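See structure below.
Treat the numbers as computed from the prediction; the structure is a model and nothing was measured. Only this structure's heavy atoms are used, side chains among them; waters, hydrogens and symmetry mates stay out.
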Amino acid sequence: MSEMRRGGSEPAGGAGDLGGEPAEGAVEGRAARFRAEAAARGLPADAVAEFIRVARPAVYLAEDGEGPVAARTGGYPLLPAGAAFPDACFVAAVDCAALPSGATDLPLPTEGHLLFFADPDPGSGAVLADAVRYVPAGTPLVERAMGADIPDWYEPYGRTVLDFTFHQWCWPMWIEDEDDDDDADEDHRGLPHAAELGAAWSHVVGWRPRWRLQLGGHPNFHNWDPVEAARDDHPLDGDLDEWTLLASWRADEDAEEHLDGGLFHWVIRRADLTAHRFDRVYVYVDMV
């Protein structure tokens, strides 16, 4: 279950999970097929139910597709005319209207663009006021060209067009932890039959390409869970609000050599996302 073990790093999906298809019906259909496949393999119904309970839906964007462009990454910032230059390097501009409706459990904007910014500073996390910007629909975006107000420190990431959109469930990385220590955190203890359940899920949903940008779901990480890092650094009243993953970007070869394979994460309070308040997003950069 290597794909799921990495938090869905190579998530799969059936034909119904492509961008533009209703996410709700596709998920229900896959869940039914997964239950049937797990039962055929003799896996306990209670383990199947728990496996589904801890799953979260996410949207994944990849390269070399045939669908509409859902995001552009790298290069110089795509900004509205007259907008202030960002405090960090431009990572991505996501077209919210190109995302499948209902494909995550987040209150994402349904139109306009989300702009993501982050510097290649591995191992550090902080709440930043200018890490994510929301640009309403109908606002033209213009690439801020060299010779305008590009600061000397700016080093653009490699350019990529993401035109393959799919969605599916993903699981927390601790799900296959086989540590039976009685002192282990009960909320982060591995699930029985996780590997077999993952194999059944992979059989049902098939193959999908390596994603470059993830929206929602459980984070995929190398060293430290960015959501846990945000919770530790900035505790919230869990009854009123919570930190959740907004997006992750897999840098691959588009970042500096020492960050090849690095993961950039943006974590947000749910209440802030609902209010489209993006001035206190927690950013964490994780490297191999």
Side-chain angles (χ1 to χ4, degrees), residues 7-8 23 54-61 70-73 77-80 83-119 121 123-139 141 167 169-170 172 187 213-221 224-250 263-286:
V54 299
R56 287 190 61 197
V59 170
Y60 299 91
L61 306 180
R72 298 181 184 275
T73 66
L78 290 170
L79 299 170
F85 198 86
D87 295 329
C89 294
F90 171 72
V91 172
V94 177
D95 183 354
C96 298
L99 303 178
S101 175
T104 76
D105 57 6
L106 299 179
L108 293 172
T110 58
E111 57 182 9
H113 287 81
L114 285 173
L115 310 181
F116 293 89
F117 305 90
D119 287 331
D121 186 15
S124 61
V127 170
L128 302 176
D130 199 28
V132 179
R133 296 185 188 181
Y134 174 63
V135 180
T139 305
L141 295 177
H167 58 83
W169 292 339
C170 61
D187 294 331
L213 191 68
Q214 172 186 344
L215 297 165
H218 291 290
N220 170 35
F221 56 92
W224 192 254
D225 185 328
V227 177
E228 294 291 341
R231 290 170 180 165
D232 290 345
D233 291 347
H234 302 275
L236 303 174
D237 185 343
D239 294 333
L240 300 175
D241 198 4
E242 63 175 337
W243 289 103
T244 189
L245 180 70
L246 174 59
S248 295
W249 176 55
R250 177 182 276 137
L263 288 163
F264 291 57
H265 305 283
W266 295 263
V267 181
I268 193 170
R269 297 170 170 90
R270 280 185 175 269
D272 285 347
L273 181 55
T274 300
H276 291 184
R277 181 175 178 179
F278 297 102
D279 60 338
R280 49 183 183 181
V281 172
Y282 185 87
V283 179
Y284 187 86
V285 179
D286 191 14

Are any of the side-chain heavy atoms of Tyr284 and Asp233 separated by less than 4.5 Å?
no
Verify the neighbour count for atom CZ of Arg72: are there more than 12 heavy atoms of other residues, nucleotides or ligands below 6.0 Å?
no
For the residue pair Thr244 and Val267, establish whether any side-chain heavy-atom pair is separated by less than 4.5 Å.
no
Using a 4.5 Å cut-off on heavy atoms from C-beta on, say whether the side chain of Leu245 contacts that of His265.
yes
Evaluate side chain to side chain contact (heavy atoms under 4.5 Å, CB included) for Arg270 paired with Leu106, printing each intermediate quantity in order.
CA-CA 8 Å; Arg270 280 185 175 269; Leu106 299 179; 3.9 Å; yes
So, do Leu108 and Leu246 sit near enough that their side-chain heavy atoms are less than 4.5 Å apart?
yes
Do Phe116 and Trp249 have ring centres separated by under 6.0 Å?
no
Are the side chains of Ile268 and Phe278 in touch, meaning some heavy atoms are under 4.5 Å apart?
yes
Distance check, rounded to the nearest 0.5 Å: Leu128 atom CG versus Tyr282 atom OH?
9.5 Å
Testing the basics here: between Leu114 and Pro109, what is the closest heavy-atom pair and its distance to 0.1 Å?
CD1-CD, 4.3 Å
Looking only at heavy atoms, the pair that brings Pro86 and Arg133 closest together is CA-NH2, 3.4 Å
Are any non-hydrogen side-chain atoms of Leu99 and Leu61 less than 4.5 angstrom apart?
yes
Student check: side-chain heavy atoms of Arg269 and Trp243 closer than 4.5 Å
yes
